[in-house]
Chemist: 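Submitted below is the structure of interest, expressed as structure tokens.
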Amino acid sequence: MKPFTAPMPETAAIAPWHAGLGGIPAQPARRRSWLLPSDPSSVREARRLTRAQLADWALVDQVDDAELLVSELVTNALRHAWGPIRLTFCLPAPHGGLRCEIEDANPAGPLRRHVEEHDEEGRGLHMLNRLSRCWGSDRTHVGKVVWFELQACTGPV
């Protein structure tokens, strides 16, 4: 069964973060979002959506890191939460760059743990620290959003 995805239309921000700063012309923010079912096939679908969206935005240099981190966070949402998972990409992020968000229904934030060399689990947050320029978790009215930002360098498509 193919996962249900509901793309939300790209929307222009009312007040882009860089509007009027140092003569930089304001450009609308780009945002894409999909609702994924609570099903293991959603990890594969999230990776596919990540590759496709970043290619569409000419962010090919970020595809590998974004795909790996999205895959980890969707897997965590499947393991530790319930209900559908929302995957969202924003460009530019509040501080420039690309922002990726994974929203689920569990309000508990991610917990870092010590991992040993041969452990097979528990490395996702360590990867976030190493590969993203920043990351965090915010509570929502129904759960939480775990997000990360990558530098938005464009490359040939």
Side-chain angles (χ1 to χ4, degrees), residues 3-18 27-113 121-157:
F4 170 75
T5 59
M8 294 177 63
E10 293 185 356
T11 57
I14 294 171
W17 69 272
H18 57 295
Q27 296 179 5
R30 294 180 278 181
R31 182 178 182 88
R32 292 288 296 175
S33 188
W34 300 267
L35 194 61
L36 303 169
S38 182
D39 184 84
S41 66
S42 290
V43 177
R44 181 177 57 247
E45 180 67 0
R47 287 193 303 260
R48 186 193 69 74
L49 291 166
T50 300
R51 287 189 307 272
Q53 189 59 58
L54 271 58
D56 186 50
W57 286 345
L59 298 174
V60 294
D61 292 340
Q62 288 68 34
V63 170
D64 291 340
D65 288 348
E67 185 179 4
L68 176 61
L69 295 176
V70 163
S71 178
E72 284 292 322
L73 292 179
V74 169
T75 298
N76 285 351
L78 288 169
R79 284 186 176 166
H80 305 291
W82 49 89
I85 299 162
R86 180 164 297 279
L87 168 63
T88 303
F89 296 105
C90 305
L91 185 70
H95 301 100
L98 171 72
R99 181 177 175 116
C100 302
E101 300 175 349
I102 309 298
E103 182 176 3
D104 64 49
N106 184 349
L111 297 174
R112 283 213 253 178
R113 56 180 227 169
E121 295 180 351
R123 299 188 190 284
L125 299 182
H126 295 285
M127 284 192 278
L128 276 173
N129 281 333
R130 304 271 299 165
L131 299 176
S132 69
R133 77 175 179 189
C134 61
W135 71 274
S137 176
D138 300 312
R139 281 193 160 179
T140 66
H141 66 284
V142 295
K144 71 172 168 308
V145 172
V146 180
W147 56 268
F148 64 89
E149 292 182 9
L150 299 173
Q151 192 66 32
C153 304
T154 58
V157 178

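The basis for the numbers below is simple: all heavy atoms, side chains too, and nothing from hydrogens, waters or symmetry mates. Along the sequence shown, the residues carry numbers beginning at 1.
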Chemist: Do Leu49 and Leu36 make a side-chain contact, defined as non-hydrogen atoms from C-beta onward lying under 4.5 Å apart?
Modeler: yes
Chemist: To the nearest 0.5 Å, what is the distance between CD on Gln53 and CZ on Arg48?
Modeler: 10.5 Å
Chemist: Against Val74, only a single residue in Val146, Ile102, Asp104, Thr50 fulfils side chain to side chain contact (heavy atoms under 4.5 Å, CB included); can you say which?
Modeler: Ile102
Chemist: Please name the pair of heavy atoms, one in Ser71 and one in Val43, separated by the smallest distance, quoted to 0.1 Å.
Modeler: OG-CG1, 3.4 Å
Chemist: If you round to the nearest 0.5 Å, how far is CG of Asp39 from CZ of Arg44?
Modeler: 9.0 Å
Chemist: For a 4.5 angstrom cut-off between non-hydrogen side-chain atoms, does Trp34 reach Glu45?
Modeler: no
Chemist: Spell out, as yes or no, whether a donor-acceptor pair under 3.5 Å connects the side chain of Ser42 to the backbone of Pro37.
Modeler: yes
Chemist: For residues Phe148 and Val70, determine if any side-chain heavy atom of one lies less than 4.5 Å from a side-chain heavy atom of the other.
Modeler: yes
Chemist: Is any side-chain heavy atom of His126 closer than 4.5 Å to a side-chain heavy atom of Glu72?
Modeler: no
Chemist: How many angstroms lie between atom SG of Cys100 and atom CG of Leu54, to the nearest 0.5 angstrom?
Modeler: 6.5 Å
Chemist: Would you name the heavy atoms of Val63 and Arg51 that are closest together and state the gap between them?
Modeler: CG1-CG, 3.8 Å
Chemist: Less than 4.5 Å apart, side chain to side chain, heavy atoms only: is that true for Ser132 and Glu149?
Modeler: no
Chemist: Looking at CD1 of Ile85 and CD of Glu103, how far apart are the two atoms once the value is rounded to the nearest 0.5 Å?
Modeler: 10.5 Å
Chemist: So which heavy atom on Gly109 is nearest to which on Ser137, and how close?
Modeler: CA-OG, 4.1 Å
Chemist: Using every non-hydrogen atom in the two residues, find where His80 and Asn106 come nearest and quote the distance to one decimal.
Modeler: O-ND2, 2.5 Å
Chemist: What distance separates Leu98 CG from Arg30 CZ, expressed to the nearest 0.5 Å?
Modeler: 10.0 Å
Chemist: For residues Trp57 and Arg31, report the shortest heavy-atom separation together with the two atoms involved.
Modeler: CZ2-N, 4.2 Å
Chemist: Considering only heavy atoms from C-beta outward, does the side chain of Leu150 approach that of Leu59 to under 4.5 Å?
Modeler: no
Chemist: Would you mind reporting whether Ser33 and Leu87 have side-chain heavy atoms less than 4.5 Å apart?
Modeler: no
Chemist: Apply the test side-chain contact (heavy atoms from CB on, under 4.5 Å) to residues Leu125 and Trp135: give CA-CA distance (whole Å), side-chain angles for both, the deciding distance (0.1 Å), then the verdict.
Modeler: CA-CA 9 Å; Leu125 299 182; Trp135 71 274; 3.8 Å; yes
Chemist: Nearest 0.5 Å please: distance from the CZ atom of Arg99 over to the SG atom of Cys134.
Modeler: 7.5 Å
Chemist: State, with a plain yes or no, whether a side-chain heavy atom of Leu128 is found less than 4.5 Å away from one of Leu73.
Modeler: yes
Chemist: Is a donor on one side and an acceptor on the other found under 3.5 Å between the side chain of Gln62 and the backbone of Gln151?
Modeler: yes
Chemist: Could you go through Leu78 and Ser38, starting from their C-alpha distance and side-chain angles, then the distance that decides it, and tell me whether this counts as side-chain contact (heavy atoms from CB on, under 4.5 Å)?
Modeler: CA-CA 6 Å; Leu78 288 169; Ser38 182; 3.9 Å; yes
